[in-house]
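Following: one structure in structure tokens, then a few remarks.
In what follows, chains are A, B, ... by sequence order, proteins preceding strands, each numbered from 1.
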Amino acid sequence: MRLTLEQLRACIRRIPRGKVATYGQVAAAAGFPGRARQVVWALRAPPGARLPWHRVVAAGGRIALPGEAGFEQRLRLESERVAFTGARVDMKRHAFDFTRSA
DNA sequence: GTTATGACTCGTA
DNA sequence: ATACGAGCCATAA
């Protein structure tokens, strides 16, 4: 249902600048543990939806978006001062903790 | 109704 | 490090 996608989007919008969350984290925070794949559909933002899609990464800080799009995601994150270790986001520093923020 | 696909994750080997 | 299988479910055909 759309309902769930909107809830997922709401969680995605809570990720602050300079932080990232994994697909699994977003799903769990929205109340749908185990539904990481649905986050993908939530990220297919309708035109005009302001969604920080680049702040959602795969488990372990991996960039899941393939090809040029993935490159762009990395650039966007780096422009927000998100540090990378090799091909991964440094989750130690930039993982967003949903439970600790309002 | 069915099957296939995907920016996934986790456990196991 | 890689590879595979199972679980996941909204969309598309």
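- Atom CZ of A:Arg13 sits in a crowded spot, with more than 12 heavy atoms from other residues, nucleotides or ligands closer than 6.0 Å.
- Between A:Thr22 and A:Met91 the shortest side-chain heavy-atom distance falls below 4.5 Å.
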In residues 75-84 of chain A, what donor-acceptor pairs under 3.5 Å come from side-chain atoms, sequence neighbours left out?
| residue | atom | partner | partner atom | Å |
| --- | --- | --- | --- | --- |
| A:Arg76 | NE | A:Glu72 | OE2 | 3.0 |
| A:Arg76 | NH2 | A:Glu72 | OE2 | 3.3 |
| A:Glu78 | OE2 | A:Arg74 | NE | 3.1 |
| A:Ser79 | OG | A:Arg76 | O | 2.6 |
| A:Glu80 | OE1 | A:Gly18 | N | 3.1 |
| A:Glu80 | OE1 | A:Arg55 | NE | 3.0 |
| A:Glu80 | OE2 | A:His54 | NE2 | 2.9 |
| A:Glu80 | OE2 | A:Arg55 | NE | 3.2 |
| A:Glu80 | OE2 | A:Arg55 | NH2 | 2.8 |

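- A:Val40 places a side-chain heavy atom less than 4.5 Å from the side chain of A:Tyr23.
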Determine, for nucleotides 4-9 of chain B in 5'-to-3' order, which nucleotides have protein heavy atoms under 4.0 Å from the base (write B), from only the sugar-phosphate (write S), or from neither (write -).
-> --BBBS
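- Between the P atoms of B:dA7 and C:dA6, the separation comes to 22 Å (whole Å).
- A:Arg88 CZ to A:Ile63 CD1: the interatomic distance, rounded to the nearest 0.5 Å, is 11.0 Å.
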